[in-house]
There are 2 protein chains.
Amino acid sequence: MKGPCSQHTHRHRLIQPSLTDLTAQLRRNSRKITASRQAILNVLRRHQHPLTNREIHAALAGFECDLATVYRNLNTLEEMGMVRRFDFGDGVARFELLTEGDDGHHHHLVCTRCSTVVEIEDCFPAELEAALAARHGFTQISHKLEFFGVCPECRVQKLA
Amino acid sequence: MKGPCSQHTHRHRLIQPSLTDLTAQLRRNSRKITASRQAILNVLRRHQHPLTNREIHAALAGFECDLATVYRNLNTLEEMGMVRRFDFGDGVARFELLTEGDDGHHHHLVCTRCSTVVEIEDCFPAELEAALAARHGFTQISHKLEFFGVCPECRVQKLA
DNA sequence: CTGTTGATGCAAATCAATTGCATTTGGTGG
DNA sequence: CCACCAAATGCAATTGATTTGCATCAACAG
């Protein structure tokens, strides 16, 4: 474990969805406002980094619920467009809370040693999507882009 | 299943590694030239698309070996830099044979319905890596980029 | 030909994620 | 405040990809 990676987040979400917004969004989708759901959303609201189901489950304060419930809820929240799922290729899904109207499209720079995550706004591939559509006849094109490398902390650790 | 996706490959590898090159590469890494190994490499040589362990195992002609052996061999071949692993986010690893000296860096456009794969040469993110290194102090930066969409065949199927 | 080392088969173990099922609970209309 | 229904949950069992322990085999170097 390394300390809180304060300075590591490049893109700071300006608007953090409020609890009332979130419950409204749930209600609109005829989803129940359960204690587990609120606890999970609170964990996500407190973290600006992508979290795994297990991490979310571990971070639940006060209210405990089954890990399966966390899994089910994150799938539901993803379907409703309230969270975005990321895949860093390590076989574990990670999630970030989205603000309404924001599709949360961005990418990450992940340290291959300590998994520190930096958010990246740049997204050249988006410019390519139209070209690819024209060239290959594909429609509804999207993409996933993740960067990997060794973060400054890990580099010095190696030297020490 | 759809027929052989002949015209789907955009980037055709000009040099397909020869069997002798491959065995030489194995020998150089003090790896034994076993029948399973040869059979696996032959499967990879015959396909220009990324294949899963299971697909490779199923495509083994004549020589049969355990699925665990296929898994072990692809890990070994990846370590040796003879194959490249791809991750389309569906929880299954895929592999492509590499030519020596070619790091096989490229990306894919995957149909979200039938999994048809088109190779993509364009790679804007590479230009970004240096900038990211400077901006965030990361080193040894690499990236993974995959495009997803609905291929022409699947689009018409939907209409039919 | 023979020893050493890597490779293999087979079964069991991991690990993330999902699911069946009985039970509980939020939200709604009385 | 009460009754009802759909959604949600706990718990255990399952799935599916991938890995691993272990005993046996087979390359290949000398």
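Chain naming here is simple, since letters A, B, ... match the order of the sequence lines and numbering starts at 1 in each. Atoms considered below: every heavy atom in the structure, side chains included; atoms not considered: hydrogens, waters and symmetry mates.
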Any B/R54 side-chain nitrogen or oxygen under 4.0 Å from OP1 or OP2 of D/dA17: yes
A/R72, nearest nucleotide to its side chain (from C/dG9, C/dG20, D/dT18): C/dG20
B/Y71 side chain near D/dT19 phosphate (N/O to OP1/OP2, under 4.0 Å): no
Of the listed nucleotides D/dG10, C/dT5, C/dA16, the one nearest the side chain of A/D66: D/dG10
Aromatic ring pairing B/F88/B/H108, orientation class (parallel under 30°, perpendicular over 60°, tilted between): perpendicular
Side-chain-base donor-acceptor pair under 3.5 Å for A/K32 and C/dG27: no
Nearest-neighbour nucleotide for the B/A68 side chain, D/dT20, C/dG9, D/dA17 considered: D/dT20
Among C/dG9, C/dA17, D/dT19, the nucleotide that comes nearest once only the side chain of B/N75 is considered: D/dT19
Side-chain donor/acceptor contact of A/R27 with base of C/dG26 under 3.5 Å: no
Under 4.0 angstrom between B/T34 side-chain N/O and C/dT8 OP1 or OP2: yes
Cationic N near anionic O, under 4.0 Å, A/E100 to A/R28: yes
Along DNA chain D (nearest heavy atom to each residue), the more 5'-positioned of A/T69 and B/T52: A/T69
Under-4.0 Å side-chain N/O to phosphate OP1/OP2 contact, B/N53 with D/dT18: yes
